[in-house]
Amino acid sequence: MANSTSSPATAPPAGQRRLSGRLGVGSIVFMVVAAAAPLTVVGGSVPLGIAIGNGAGYPAMYALGGVVLFFFAVGFTAMTRHVPDAGAFSTYVGAGLGRPHGLGASFLALLTYQTIQAAVYGYLGAALGGVVADLGGPDLPWWVWAGLSIAAVGVLGYRHIDLSSRVLGVLLVGEIGVVLVVDAAVVLAGGGPEGFSTAALTPSGIATGAPGIGLMFALAGFIGFEATAVFRDEARDPDRTVPRATYVSLLVIGLFYTLSAWAVVSAWGDGPAVAAALEDPEGMVVDTATRFAGAVVGDLVQVLLLTSLFACVLSFHNVVNRYVFSLANTGVLPHAWGASHPRHSSPHTASLLQTASALAMVVLFAVFALDPVMEVYTWMAGIATLGFVLLMLLTCVAVLVFFRRTRVDARRWNTVVAPSLGVAGLALAAWLTASNFDLLVGGWTVAVVFLVLTAGSYLLGPLVAALRPGADAAAAAHLQVATVPHQVGGPAQSLAATAAPTDRTTPTTTETDR
């Protein structure tokens with residue numbers, strides 16, 4: 001292979017820095033699945049999806065969402081070998097649709113991940129404060145506990161990514177394990193008084209109630225699975241590790257949610273499950289665990305719900321850090337924000353900035369006396385869900401345009417058929433989300449404000465592109481080399497090989513050195 005430093009026209013800025021690490025498939029899957037917060041979804045979103053979505057047919061929405069996201073993942077992973085930067089949505093959209101749209105996706109992604117963090121901090125502060133008070137501890141405002149959680153996440157985010165990965169791994173095993181125990185207990189008991197539910201297997205059962213709202217809740221549970229590409233620089237073998245981690249994450253999340261939602265419905269019965277979810281959505285899963293697996297398991301579910309929330313915000317903290325790191329090192333944000341810690345090889349400056357911004361948001365919520373669950377959690381999760389669906393839709397369109405323009409991959413299933421099916425499914429999901437947004441945030445007045453905020457974050461991209469044409473030179477370089485066609489498996493270089501590698505806080509190496 002030719003020396004990769006021989007093409008100065010495609011080289012990114014000499015000062016650009018990248019992260020390092022040796023994360024394998026398992027470590028990345030832990031980070032991504034933890035971001036999906038399995039126990040938080042099962043304990044929070046599942047009862048809500050049953051209550052105001054499509055009732056006993058709700059478990060099918062996770063399977064349907066998984067299928068739609070599988071089509072997205074096929075094109076997404078096909079593109080990873082040709083777009084080597086760890087920018088995830090922003091990099092892919094930029095390579096396919098152009099720099100202004102890539103920058104727009106960057107700002108939309110920052111809004112999406114920042115708002116889902118804010119949502120979870122609100123829920124975590126309320127849940128942690130309630131548990132401490134029940135155990136006889138001090139009864140402090142929710143924002144005190146949220147602030148302490150932000151500080152703990154900030155410390156872990158400042159350190160090397162391997163530390164966060166190990167912490168998330170331990171917490172993730174615990175929360176998945178306790179839910180599987182409850183699922184097994186329901187199955188071994190033959191379900192509740194009505195036996196096993198079949199509503200999710202019939203068209204009439206799936207179409208009952210409001211399936212559009214059910215699909216929204218289901219897709220919200222997948223937020224973060226695509227973040228495998230954000231850890232590309234820190235992966236052991238990115239061309240293999242990132243695609244494998246993406247598929248494994250999607251499969252684990254989809255199967256886990258479908259099985260667990262079905263077990264919850266089966267434990268109560270089709271009609272009683274809807275009644276129980278409407279009456280006490282927050283306690284439904286804990287009650288299910290207590291009835292079928294005992295009081296000890298019920299208490300364990302309550303405790304692990306807290307660790308699930310913490311694991312969620314820690315994982316999203318790491319994702320946002322890397323978005324800021326990427327934007328800073330391409331000149332969109334101040335270059336100093338893209339510093340890499342000399343010992344931890346972590347985006348420590350981005351971590352400090354994000355910790356400060358999370359604290360500022362919590363202070364703002366406290367000043368306006370917003371309810372941590374019904375307002376902070378619901379409103380912020382609504383913005384994040386819409387942003388997530390729009391980002392995936394843009395990425396699917398970018399994949400189609402990229403492969404049509406470059407002809408770097410001749411596989412029609414990977415580059416045309418699957419991404420097209422993904423566009424169709426995600427366009428429908430985006431329409432359902434936007435048209436039902438008032439139900440998520442409590443009325444059209446608030447909904448319009450948040451819809452404008454979401455659109456505005458994306459429009460920042462073209463604005464920055466026009467005002468700062470010299471920024472993001474790395475993205476422009478990748479768009480330039482994207483015009484060089486080659487076939488997968490052929491003798492020509494991949495786009496990843498034609499672009500000069502950048503510093504990983506160590507001396508630059510060539511492709512032949514690697």
Side-chain angles (χ1 to χ4, degrees), residues 9-13 16 72 75-76 79-80 82-115 226-227 229-230 232 319-320 322-335 337-338 350 383-384 386-406 408 419 422-423 426-427 430 434 450-484 495-496 498-499 502:
T10 62
Q16 185 175 338
F72 162 84
F76 180 70
M79 200 169 170
T80 55
H82 307 294
V83 183
D85 289 332
F89 283 136
S90 57
T91 304
Y92 292 80
V93 173
L97 302 181
R99 175 173 173 262
H101 296 285
L103 291 175
S106 296
F107 292 115
L108 180 57
L110 284 174
L111 176 70
T112 297
Y113 291 125
Q114 195 71 45
T115 51
E226 82 298 333
V230 175
R232 180 180 179 88
V319 170
V320 176
R322 281 145 186 82
Y323 264 104
V324 172
F325 182 90
S326 177
L327 289 173
N329 277 294
T330 51
V332 177
L333 296 178
H335 189 64
W337 294 8
I383 296 174
L386 180 60
F388 175 65
V389 173
L390 290 175
L391 283 168
M392 288 193 300
L393 177 59
L394 285 167
T395 302
C396 264
V397 174
V399 168
L400 288 170
V401 174
F402 177 85
F403 284 117
R404 181 177 179 82
R405 184 182 72 243
T406 64
V408 294
V423 168
L426 290 167
F450 287 162
L451 287 171
V452 171
L453 175 64
T454 304
S457 68
Y458 179 77
L459 293 176
L460 271 178
L463 179 62
V464 171
L467 295 178
R468 302 192 62 186
D472 204 21
H478 284 305
L479 292 177
Q480 179 181 355
V481 298
T483 61
V484 182
L495 300 184
T498 59
T502 52

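All values reported here derive from a predicted model rather than from experimental measurement.
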query = Is there side-chain contact between Phe107 and Leu459, with heavy atoms separated by less than 4.5 Å?
reply = no

message = Which heavy atom of Phe402 sits nearest to which heavy atom of Val408, and what is that distance?
response = CE2-CG2, 3.9 Å

ask   = Taking only residues two or more places apart in sequence or in another chain, which ones pass side-chain contact (heavy atoms from CB on, under 4.5 Å) with Leu463?
value = Leu460, Leu467

query = Quick one: side-chain contact (heavy atoms from CB on, under 4.5 Å) partners of Val423, sequence neighbours excluded?
reply = Leu393, Cys396, Val397, Leu400

task = Starting at CE of Met79, measure out to OG1 of Thr395 and round the result to the nearest 0.5 Å.
result = 8.5 Å

task = Among Ile383, Thr115, Leu110, Leu111, find the residue that satisfies the side-chain contact (heavy atoms from CB on, under 4.5 Å) test when tested with Ser457.
result = Leu111

message = So, using side-chain contact (heavy atoms from CB on, under 4.5 Å) as the criterion, who are the partners of Leu451 when residues are at least two apart?
response = Leu386, Phe437, Trp444

request  = Would you name the heavy atoms of Trp337 and Ala328 that are closest together and state the gap between them?
outcome  = C-CB, 3.7 Å

task = Using side-chain contact (heavy atoms from CB on, under 4.5 Å) as the criterion, list what pairs up with Ala109, not counting sequence neighbours.
result = Tyr113, Tyr323, Leu391

task = Check Leu108, Val399, Val401, Leu394 against Val93 for a side-chain contact (heavy atoms from CB on, under 4.5 Å) and give me the one that passes.
result = Leu394

request  = Please state whether the rings of Phe76 and Tyr92 are parallel, tilted or perpendicular, taking 30° and 60° as the class boundaries.
outcome  = tilted

note = Rounding to 0.5 Å, atoms CG (Leu103) and OH (Tyr458) come to a distance of 10.0 Å

